[in-house]
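Counting begins at 1 with the first residue of the sequence. Computed from a predicted structure; not experimentally measured. Side-chain atoms are counted along with the backbone in the values below, which use heavy atoms only and exclude waters and symmetry mates.
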Amino acid sequence: IFSYDDGLSVERSAMDLNADIAAESSTINRCDGVAKDANDNVYFLFRNDEGSTTHVYKLPASGSPTVLGSEAGLRGVTHDNGTVYLAGVAFDGAPEDGFYSVNDTGAGQSVSTVITDANLDLGSGMDVDSDGNLYAFSGSFGGTVSRTLKIVRVTNPSGSPTIETFVDPYRSGSPLADNGDNIVDVDVASNGGNEFLVVYNGSFSAENGEQ
């Protein structure tokens, strides 16, 4: 893990990470997501390419790193109001396709289920808005037309969560080019008092800077 201020600095070396994540005997060499909270604590999804267990790793602004919890198939992470929300992919080993969570304090927690849906395919990033709603892109392995290649939203994830299709990013008139799993990340951003959902379109079919 590196940081950049006046120059590039090593925050945690590869050797440090493997010492921090004692349950992992193989070298940590994959990061599937990163998120930051309002207090400058940073959360990573770490694993190695020989196994499928993902470790939810907290690098605090001060103090020692912590592994909050571990589960196979976690491929998205964001933070809101004391909770680290996670997206899981059953094909990669998660119990089910859907959304999960751990508290942002405590070590070795069991990962809790927020809401699942076998029609989801959530390996392309996630974020949370100012009302606490979660957003993620459901890719081409979504099980129904209503979930395939759609951005989905989870309302009230800390209470009685509901999954809904938020938008079809490839609808008629959209500038995005559909060539499979093109959206590789989604982010909530604010500008001029308004909140926007921003996506990165990685399509090889995109032309003239549309990527």
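With contacts defined as side-chain heavy-atom distances shorter than 4.5 Å, the pair Ile163/Val154 qualifies. Contact of the Val84 side chain with the Tyr43 side chain is registered, since non-hydrogen atoms from C-beta on lie closer than 4.5 Å. Side-chain atoms of Asp121 and Leu149, non-hydrogen and from C-beta on, never get closer than 4.5 Å to each other.
Within a 6.0 Å radius of CG in Asn194, other residues, nucleotides and ligands contribute more than 12 heavy atoms. Few gaps surround CZ on Phe196; more than 12 heavy atoms of other groups in view lie less than 6.0 Å from it.
No side-chain donor-acceptor contact under 3.5 Å links Thr53 and Glu24. For the residue pair Thr78 / Asp127, a side-chain donor-acceptor distance below 3.5 Å is found, with atom types taken as modelled.
The minimum heavy-atom distance between Ser138 and Leu120, with the atom names listed, is OG-CA, 3.5 Å.
Ring geometry for Phe137 against Tyr170 counts as perpendicular: the plane angle is over 60°, on a 0 to 90° scale with 30° as the lower cut. Between Phe141 and Phe91, the two ring planes are parallel [angle under 30°; tilted spans 30° to 60°].
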Yes or no on side chain to side chain contact (heavy atoms under 4.5 Å, CB included) for Tyr135 and Asp187, after CA distance, side-chain angles and deciding distance? CA-CA 8 Å; Tyr135 297 82; Asp187 291 285; over 6 Å; no

Could you walk me through whether Thr54 and Glu71 pass the side chain to side chain contact (heavy atoms under 4.5 Å, CB included) test, one step at a time? CA-CA 5 Å; Thr54 304; Glu71 180 60 84; over 6 Å; no

Using side chain to side chain contact (heavy atoms under 4.5 Å, CB included), reason through Gln109 and Asn103 one step at a time and then give a plain yes or no. CA-CA 8 Å; Gln109 303 170 57; Asn103 294 328; 3.5 Å; yes

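When hydrophobic clusters are built by joining Ile, Leu, Val, Met, Phe, Trp and Tyr residues whose side-chain heavy atoms come closer than 4.5 Å, directly or via intermediates, Leu134 is not grouped with Val188. Residues Leu45 and Val184 are members of separate hydrophobic clusters, defined by side-chain heavy-atom contacts under 4.5 angstrom among Ile, Leu, Val, Met, Phe, Trp and Tyr. Note on Val89: it does not cluster hydrophobically with Tyr100, by side-chain heavy-atom contacts below 4.5 Å among ILVMFWY residues.
If you chain together ILVMFWY residues whose side-chain heavy atoms come under 4.5 Å of each other, Val42 ends up grouped with Ile1, Leu17, Ile21, Ile28, Val34, Phe44, Phe46, Tyr57, Leu59, Val67.
Between the Arg171 side chain and the Asp168 main chain, a donor and an acceptor come within less than 3.5 Å of each other.
For the side-chain contact (heavy atoms from CB on, under 4.5 Å) with Pro65, the lone residue among Arg12, Glu11, Lys58 that qualifies is Arg12.
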